[in-house]
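Below: the structure, in structure tokens.
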Amino acid sequence: MIGRLADAVTRGVGDVASSVTDVFDPTVRLGVTGLSRAGKTVFITSLVANLMDRGRMAGFSATSRIDTAFLQPQPDDTIPRFDYERHLAALTSRTPHWPDGTRAVSELRLSLKVRPAGLLAGLRTARVVHLDIVDYPGEWLLDLGLMEKTYDQWSERALRRLTDWGADTYLDEMNAADGEARLEEPVAQSLAASYTTALRQARQAGAYDLTPGRFLLPGDLEGSPALTFAPLPPGAAPRGSLRREMERRFEAYKSKVVQPFFRDHFARLDRQVVLLDVLGAIRSGPRAVEEMRAAIADILSAFKPGALNWLMTLLGARRVDRVLFAATKADHLHHTQHARLTAILEAMVSDARRKAAFAGAQTEALSIAALRATVEEMREHQGETLPVVRGRLLDTGKDAALYPGELPPDPSHVLTPAMQGAEAWLDGDYDIMEFAPAPLTLRPGEGPPFIRLDRAAEFLLADRL
Ligand code: GDP
């Protein structure tokens, strides 16, 4: 702080005033995570746009107290800025398209000028609250579990999962390699490359709990030697051998990649949103649903009292006191089915919620669409009236009505077959098409259309404003 003040002094008195308030202004650090394609980029873009133009935010109680909201330079100079303007332009152009998704960590500061509420409202002047939004891949959060594993423990689990997901190419290559032989760099590189391919293929097939997360989304470590290791079966590891070196690189990954990420980003959050493409998992089948459930429980082990607490203490974690779980893309369903989607989400995250609650965090589960791409209709079909959603299809550009099938009223009808390892849903498939964002005509003061984004903001932010 002194550094920043001193810095401001050299820049002139006007800057000192703004820096002094800046240093003392309350800040809320909101983490937005979820696995790739869960909807993080669209969520942040639409949330910020709707906090700046609050015409649709009726369910956000702080709306009436916010005078203005404006973007400011973020406090952390070394983190890339979330490319809000480019993402918003993609969504709101004349021919709208989805923005590129999250590939690495990024940050955006939105400052809100808020009038005080309650008895003192007339006496106190408006104050500024900074909202620092940190976007990061959920894949990286799964790496937290590596901190308490040895190389052999991790290898054992990783190999079990590769066997489950039929990654024969890697397993064959690994079996042909000799862990005790002297390390040859091309062998290590080739194993790491095949292991990465195996992870990608498992992910495509519906696996979520895959580590190391940076192999799937390397961010700034693309091509780096920190990512040239792979699991091997247990055995002797003489000095200079392939196995010894793999183990060393695994440990280096933990201390040089995983730990700094948690210290610099995760451990500094106040609030967290976990986005889940629950509908996408249901479409992929029971196995994907069970994977998603297990991955979320694992991700939230960061909140588990006991086992990992040493880590959080070590990192000086600020406690996340609210966690929102949101099922995204709810605009694929007619609103009559939203309660069922939320019930499935609640059942899916119940383990994770218990952990979070035990650690003192409040949790909430909501079905949302950060950007509504469809309209609702009732359609006659073979003598029945069906609640459908209509939109423009992403692949053909054609207008289409979608009836994705009915979600069961009892979430256990989805969760139980998933946990029991069923291969397919008994009562038919859930068909979900991908829609393109719809062209928008926004009235002044209105952000892009959404479903329950105001409720999400209410839970995450209202009490701090
Ligand atoms: P990220 O990888 O978590 O950053 O995910 P994105 O925000 O890029 O979203 C991935 C894809 O999901 C987008 O390209 C869209 O196709 C879709 N999507 C995200 N949010 C919504 C939404 O609110 N409604 C609909 N219909 N599709 C969405």
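Atom set for the values below is all heavy atoms of this structure, side chains included, hydrogens, waters and symmetry mates excluded. Ligands are counted one by one from 1 in listed order, and the atoms in each one are counted from 1 as well.
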Write none if no such pair exists; otherwise list each N/O atom of ligand 1 with its protein N/O partner under 3.5 Å and the distance.
from: ligand 1; atom 1: 2 (O); to: Arg37; atom 2: N; distance (Å): 2.7
from: ligand 1; atom 1: 3 (O); to: Ala38; atom 2: N; distance (Å): 3.3
from: ligand 1; atom 1: 3 (O); to: Gly39; atom 2: N; distance (Å): 3.0
from: ligand 1; atom 1: 3 (O); to: Lys40; atom 2: N; distance (Å): 2.9
from: ligand 1; atom 1: 3 (O); to: Lys40; atom 2: NZ; distance (Å): 2.8
from: ligand 1; atom 1: 4 (O); to: Thr41; atom 2: N; distance (Å): 3.1
from: ligand 1; atom 1: 4 (O); to: Thr41; atom 2: OG1; distance (Å): 2.7
from: ligand 1; atom 1: 4 (O); to: Thr102; atom 2: N; distance (Å): 3.0
from: ligand 1; atom 1: 4 (O); to: Thr102; atom 2: OG1; distance (Å): 3.1
from: ligand 1; atom 1: 5 (O); to: Gly39; atom 2: N; distance (Å): 3.1
from: ligand 1; atom 1: 7 (O); to: Lys40; atom 2: N; distance (Å): 3.4
from: ligand 1; atom 1: 7 (O); to: Thr41; atom 2: N; distance (Å): 3.0
from: ligand 1; atom 1: 7 (O); to: Val42; atom 2: N; distance (Å): 2.9
from: ligand 1; atom 1: 12 (O); to: Lys329; atom 2: NZ; distance (Å): 3.0
from: ligand 1; atom 1: 16 (O); to: Trp98; atom 2: NE1; distance (Å): 3.4
from: ligand 1; atom 1: 23 (O); to: Ala370; atom 2: N; distance (Å): 3.1
from: ligand 1; atom 1: 23 (O); to: Leu371; atom 2: N; distance (Å): 3.0
from: ligand 1; atom 1: 23 (O); to: Leu371; atom 2: O; distance (Å): 3.1
from: ligand 1; atom 1: 24 (N); to: Asp331; atom 2: OD1; distance (Å): 3.0
from: ligand 1; atom 1: 24 (N); to: Asp331; atom 2: OD2; distance (Å): 3.3
from: ligand 1; atom 1: 24 (N); to: Leu371; atom 2: O; distance (Å): 3.1
from: ligand 1; atom 1: 26 (N); to: Asp331; atom 2: OD1; distance (Å): 3.1
from: ligand 1; atom 1: 26 (N); to: Asp331; atom 2: OD2; distance (Å): 2.9

Notebook entry, point to check: Without hydrogens or angle criteria, can the side chains of Arg54 and Thr63 be said to hold a donor-acceptor pair below 3.5 Å?
Noted result: no
Next item on the list: Indicate whether the side chain of Gln72 and that of Ser111 have a donor and an acceptor atom separated by less than 3.5 Å.
Entry: yes
Notebook entry, point to check: Pick from Arg203, Arg157, Arg293, Arg161: which one makes a salt bridge (charged side-chain N to carboxylate O under 4.0 Å, His left out) with Asp209?
Noted result: Arg157
Check: So, Thr27 and Asp132: side-chain donor and acceptor under 3.5 Å apart, yes or no?
Finding: no
Margin query: Under 6.0 Å between ring centres: does that hold for Tyr403 and His334?
Written below: no
Check: Hey, would you say the His265 and Tyr136 ring centroids sit under 6.0 Å apart?
Finding: no
